[in-house]
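Below: one structure, written as structure tokens.
Indexing begins at 1, ligand by ligand and atom by atom, following the structure's order.
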Amino acid sequence: MGERDTEEGWDFETRAIHVGQAPDPTTGAVVPPISLATTFVQAAVGEHQGFEYSRSGNPTRQSLETCLASLEGAAHGFAFASGLAAEDSILRLLAPGQRVVLGDDAYGGTYRLIAGVFGPAGLTWSTVDLTDPGVKWPPDVQMVWLETPTNPLLRCVDIEAVAARAHAAGALVVVDNTLATPFLQNPLAHGADIVVHSATKYLGGHSDVVGGIVAVDDEGIAERIAFTQNAVGAVPAPFDCYLVLRGIKTLGVRMERHCLNARAIVDLLVGHPAVERVYYPQLPDHPGHAAAVKQMRDFGGMVSFACAGGEPAALEVVRRTTVFSLAESLGAVESLIEHPGRMTHASVAGSALEVPASLVRLSVGLESTSDLVSDLAAALDAV
Ligand SMILES: Cc1ncc(COP(=O)(O)O)c(C=O)c1O
């Protein structure tokens with residue numbers, strides 16, 4: 001690593017642009033090259049420049065891993081082919097018979113991975129409301145898995161409080177930081193052991209790459225994640241690593257604008273006759289508002305709301321917008337609208353994680369604030 005890889009004294013935006021991304025020593029290129037080589041020459045057996053085979057380690061991937069670790073304040077970062085591949089590497093830290101406790105408002109794919117893949121392989125799991133500080137959880141827990149803000153209800157969990165309780169029980173704490181991003185929240189600083197991201201969302205930021213990240217401080221956990229990353233091989237392609245790195249460079253400015261646009265949308269929704277309830281962590285009556293104020297730098301770009309007209313109205317609103325595109329996913333420059341019950345969260349129907357049928361979720365993008373407000377206002381006025 002070059003001398004510009006030192007992050008001493010650098011703010012977030014500077015680290016996002018420079019850490020792990022020193023100019024190429026052979027050409028001076030300011031953007032790290034996309035290293036497509038699958039194998040790396042050795043001067044003698046075992047004598048090489050840090051890379052042997054691209055599944056085990058790749059220079060472009062290493063740039064991304066170094067940068068992300070710095071942004072999360074972690075000692076180690078690991079990149080994966082998707083957010084779920086990253087989650088899979090974490091759940092493999094547990095042995096059959098051990099228990100993971102999952103917050104009861106989690107991404108449906110996380111629930112599906114635990115209930116449909118690790119459960120049948122012997123992992124024990126339960127869901128609890130982690131926003132409730134007094135909630136009982138099983139005494140034999142080895143891992144507590146939480147999202148904050150949650151997807152899609154945007155409830156916020158006090159990471160520090162959960163970590164204190166989990167650590168007293170000898171359990172690891174995993175925080176899915178996808179919705180907040182490291183710009184708005186650093187879970188390790190609040191006591192979490194492991195941070196996971198779907199890099200497909202705000203980190204990539206442009207709806208053109210699928211990826212995942214794990215960030216940890218603990219050497220022992222890092223060794224085991226590194227082992228799984230190499231042994232299972234769910235690694236991202238070098239081009240995908242480049243795309244995520246490119247996205248991260250503008251994460252700070254993008255998040256500031258996402259938050260600003262989201263606030264304008266919340267102002268429209270609050271008090272609108274077609275809206276029964278607005279879910280946004282900045283609202284004082286929002287579950288976990290105090291936790292959000294305590295651990296987040298701002299409140300993010302995701303907004304959900306329940307339609308007064310129930311599911312028919314929700315389906316009509318999502319059909320009517322034009323600047324907000326009807327699509328799954330979140331966290332990119334373009335604004336998206338969706339119906340979680342029938343789309344992203346269809347896999348949790350009938351479970352404790354089921355979401356209200358009247359719910360609409362918005363990923364507020366970076367278009368003009370007034371175009372976004374007019375678009376949603378027209379759709380709401382029509383139902
Ligand atoms: C909060 C959250 N975590 C994890 C994932 C899974 O990430 P990926 O789709 O990159 O596998 C998603 C995907 O929507 C998500 O929203």
Side-chain angles (χ1 to χ4, degrees), residues 64 68 72 77-92 100 102-118 127 130 145-157 159 174-185 187 192 194-215 229 232 234-237 240-241 243-244 247-248 255 258 279 281 288 296 300-304 327-332 334 336-348 353 355 359 361-365:
L64 170 62
L68 229 300
E72 280 294 6
F78 301 93
F80 288 87
S82 69
L84 282 174
E87 294 188 10
D88 170 84
S89 78
I90 297 168
L91 289 163
R92 285 173 194 270
V100 59
L102 175 68
D104 66 358
D105 177 24
Y107 170 59
T110 304
Y111 175 81
R112 183 178 53 202
L113 179 63
I114 292 174
V117 178
F118 281 87
T127 57
L130 292 171
W145 189 293
L146 64 99
E147 285 177 35
T148 181
T150 61
N151 174 14
L153 295 176
L154 306 172
R155 282 150 52 182
C156 296
V157 178
I159 301 170
V174 181
V175 176
D176 183 332
N177 205 26
T178 300
L179 265 66
T181 82
F183 184 70
L184 298 183
Q185 177 175 274
I194 304 175
V195 177
V196 63
H197 283 277
S198 169
T200 317
K201 310 301 183 316
Y202 289 103
L203 298 181
H206 295 75
S207 299
D208 54 9
V209 59
V210 172
I213 298 285
V214 174
Q229 186 192 41
V232 175
V235 291
D240 290 356
C241 294
L243 282 175
V244 177
I248 288 171
M255 289 316 294
H258 281 298
Y279 299 84
M296 295 180 74
M302 299 298 298
V303 181
S304 294
E328 300 201 358
S329 200
L330 59 99
E334 57 282 309
L336 302 178
I337 189 166
E338 68 124 0
H339 183 265
R342 295 214 187 184
M343 296 171 68
T344 48
H345 289 66
S347 63
V348 296
L353 282 73
V355 295
L359 197 73
R361 187 189 78 180
L362 304 172
S363 172
V364 183

Do [X] and [Y] have side-chain heavy atoms sitting under 4.5 Å apart?
{"X": "L179", "Y": "L330", "value": "yes"}
{"X": "D104", "Y": "R155", "value": "yes"}
{"X": "R361", "Y": "M343", "value": "no"}

Next on the checklist: Check whether S304 reaches the backbone of P152 with its side chain - one donor and one acceptor, N or O, closer than 3.5 Å.
Outcome noted: yes
Item to check | Atom pair CH2 (W145) and CG (L113), whose distance is rounded to the nearest 0.5 Å | outcome: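 Here the interatomic distance stands at 7.0 Å.
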Checklist entry - When you look for protein heavy atoms under 4.0 Å from ligand 1, which residues do they belong to? => result S82, G83, L84, E87, Y107, E147, N151, D176, T178, L179, S198, T200, K201, G211
Item to check | Between E87 and T110, a side-chain donor and acceptor under 3.5 Å | outcome: yes
